[in-house]
Every structure is written in structure tokens, then in C-alpha cells.
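Data first, discussion second: the structure below is written as C-alpha cells.
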Amino acid sequence: MGKGKKQAPSGLIFLKGLLLAFAVYLPGQLLITLLVVKGAVGEESLFPAVAAVCLVAALAGGFLCARRPVWGALPSAMLCALLFASVLTAIGILCWEEGITWTGRGGILLLCALAGGLLAGALGQGSRRKKKRKLKAL
């Protein structure tokens with residue numbers, strides 16, 4: 001009977017990161033849609049707002065994976081961002097009949113998702129040194 005803390009399976013960490021990314025992405029998309037419909041945001045600034053939400057969502061999910069690294073902070077964050085981008089790609093392929101313009105805006109959104117993972121990996125690599133405790137003399 002070990003007293004050590006039980007560690008979650010590695011796939012569960014990436015699933016949590018992916019779910020967090022979508023928990024940020026979907027309400028962000030709904031908020032942008034509401035602001036455009038109400039007229040608070042113009043249609044010309046719609047795509048930059050969508051790209052920013054995509055980047056922030058990948059950053060949030062990647063940061064969660066980077067703080068609990070399986071293979072290191074950067075590879076864990078990038079894998080989470082890659083999973084997020086691949087789910088977005090699969091949804092895009094299933095929903096649009098004429099396809100996605102990868103050289104246009106669709107490719108930019110995927111690059112934003114990957115950039116969010118890269119940024120999360122870079123920010124999540126902070127030093128985690130344990131503080132040395134001084135022993136008190138009796």
C-alpha cells in the first residue's frame with residue numbers, strides 16, 4: 001500500500017485539455033455571434049475575433065496539458081493543440097459540402113490553434129523547483 005498520489009492516465013490529461021479548449025471555444029463563438037447580430041461588432045472584424053477565440057481556446061487547453069506534462073511541457077501542449085485543430089478540421093469537413101479553403105481563412109484558424117499550443121508550451125515550461133526547507137535546530 002503505497003502512500004504516493006495516484007496519477008491519472010496520460011490520455012485523460014489530453015482529454016481534459018481538449019474539453020477545456022472547447023469549453024472556451026464554443027461560448028466564445030456564441031458571444032461573437034451575439035455581438036455581430038446585435039451590431040456591436042462589425043462583420044469586417046468577425047474573422048479576427050474568431051481567430052482570437054481559437055488562439056485563446058488552444059492556449060487554455062494547451063496550458064492545462066503543459067502544467068501536467070506527460071512528455072514535457074511543450075510536446076504535451078502541442079499535442080493538445082493538435083487534437084483541438086484536428087477536431088475543428090473534422091467538423092469543418094463534415095459540415096461544409098464545398099470544402100474548406102486551406103490556403104484562406106481555414107488554414108489561418110488551424111495556424112492560430114497551433115500557435116496557441118506553442119505559446120502554452122512556452123509559458124508552461126516555468127521552473128518547478130521545490131523550495132528547500134531549512135531544518136530547525138532543536
Side-chain angles (χ1 to χ4, degrees):
M1 297 286 173
K3 293 183 182 181
K5 189 176 181 182
K6 289 185 179 180
Q7 193 165 2
S10 61
L12 188 61
I13 293 169
F14 295 116
L15 181 64
K16 286 180 182 179
L18 184 63
L19 290 176
L20 177 64
F22 275 104
V24 171
Y25 184 74
L26 295 175
Q29 293 297 327
L30 291 174
L31 180 67
I32 291 170
T33 304
L34 178 68
L35 291 174
V36 169
V37 169
K38 294 291 182 181
V41 174
E43 286 187 35
E44 64 278 352
S45 60
L46 177 65
F47 181 71
V50 169
V53 167
C54 186
L55 182 111
V56 169
L59 180 70
F63 196 66
L64 181 101
C65 291
R67 297 308 271 169
R68 297 184 183 111
V70 176
W71 301 297
L74 185 62
S76 295
M78 285 302 295
L79 180 62
C80 183
L82 185 67
L83 289 173
F84 178 66
S86 63
V87 170
L88 287 180
T89 303
I91 292 171
I93 289 171
L94 290 174
C95 292
W96 283 272
E97 293 175 3
E98 61 269 356
I100 301 172
T101 57
W102 299 111
T103 58
R105 293 183 171 186
I108 292 173
L109 285 180
L110 294 179
L111 288 177
C112 284
L114 295 177
L118 186 66
L119 187 61
L123 292 175
Q125 283 184 341
S127 64
R128 292 185 192 92
R129 295 183 199 164
K130 292 184 179 180
K131 295 181 181 178
K132 293 182 180 180
R133 296 181 186 180
K134 293 183 179 180
L135 295 175
K136 293 183 180 180
L138 294 175

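- Connection of Ile108 to Leu88 is established within a shared hydrophobic cluster, with ILVMFWY side chains joined at heavy-atom distances below 4.5 Å, either directly or through further cluster members.
- Residues Val53 and Phe22 fall within the same hydrophobic cluster, defined by Ile, Leu, Val, Met, Phe, Trp and Tyr side chains chained together at heavy-atom separations under 4.5 Å.
- Note that CG of Leu79 and CZ of Phe14 are 4.5 Å apart. Values are rounded to the nearest 0.5 Å.
- In terms of heavy-atom proximity, Ala115 sits nearest to Leu55 at CB-CD1, 3.9 Å.
- Rounding to the nearest 0.5 Å gives a distance of 12.5 Å between CG of Leu119 and CG of Leu114.
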Could you pull out all donor-acceptor pairs under 3.5 Å where a side-chain atom in residues 32-47 meets a protein atom, sequence neighbours excluded?
residue, atom, partner, partner atom, Å
Thr33, OG1, Gln29, O, 2.8
Ser45, OG, Gly42, O, 3.1

Practice prompt. Quick one: do Val87 and Leu83 satisfy side chain to side chain contact (heavy atoms under 4.5 Å, CB included)? Show the steps, please.
Written response: CA-CA 6 Å; Val87 170; Leu83 289 173; 5.6 Å; no

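- For the residue pair Ala66 and Gly121, the shortest heavy atom distance occurs at CB-CA, 4.4 Å.
- Taken from CG in Leu118 to CG in Leu111, the straight-line distance is 11.5 Å, to the nearest 0.5 Å.
- Looking at every heavy atom in both residues, Cys80 comes nearest to Gly62 through SG-N, 4.0 Å.
- Hydrophobic clustering (ILVMFWY, side-chain heavy atoms < 4.5 Å, transitive): Trp71 and Leu82 are in distinct clusters.
- Relative ring orientation between Phe84 and Tyr25 is described as perpendicular, the plane-to-plane angle rising above 60° on a 0-90° scale split at 30° and 60°.
- Annotation for Ala60 and Val24: closest pair CB-CG2, 4.1 Å, computed over non-hydrogen atoms.
- Residue Gly117 comes nearest to Ala81 through the heavy atom pair CA-CB, 3.5 Å, listed as atom of the first residue, atom of the second, then distance.
- Linking Ile, Leu, Val, Met, Phe, Trp and Tyr whenever their side-chain heavy atoms come within less than 4.5 Å puts Ile13 and Leu18 in one cluster.
- Put simply, SG on Cys112 and CG on Leu59 are 12.0 Å apart, with the number rounded to the nearest 0.5 Å.
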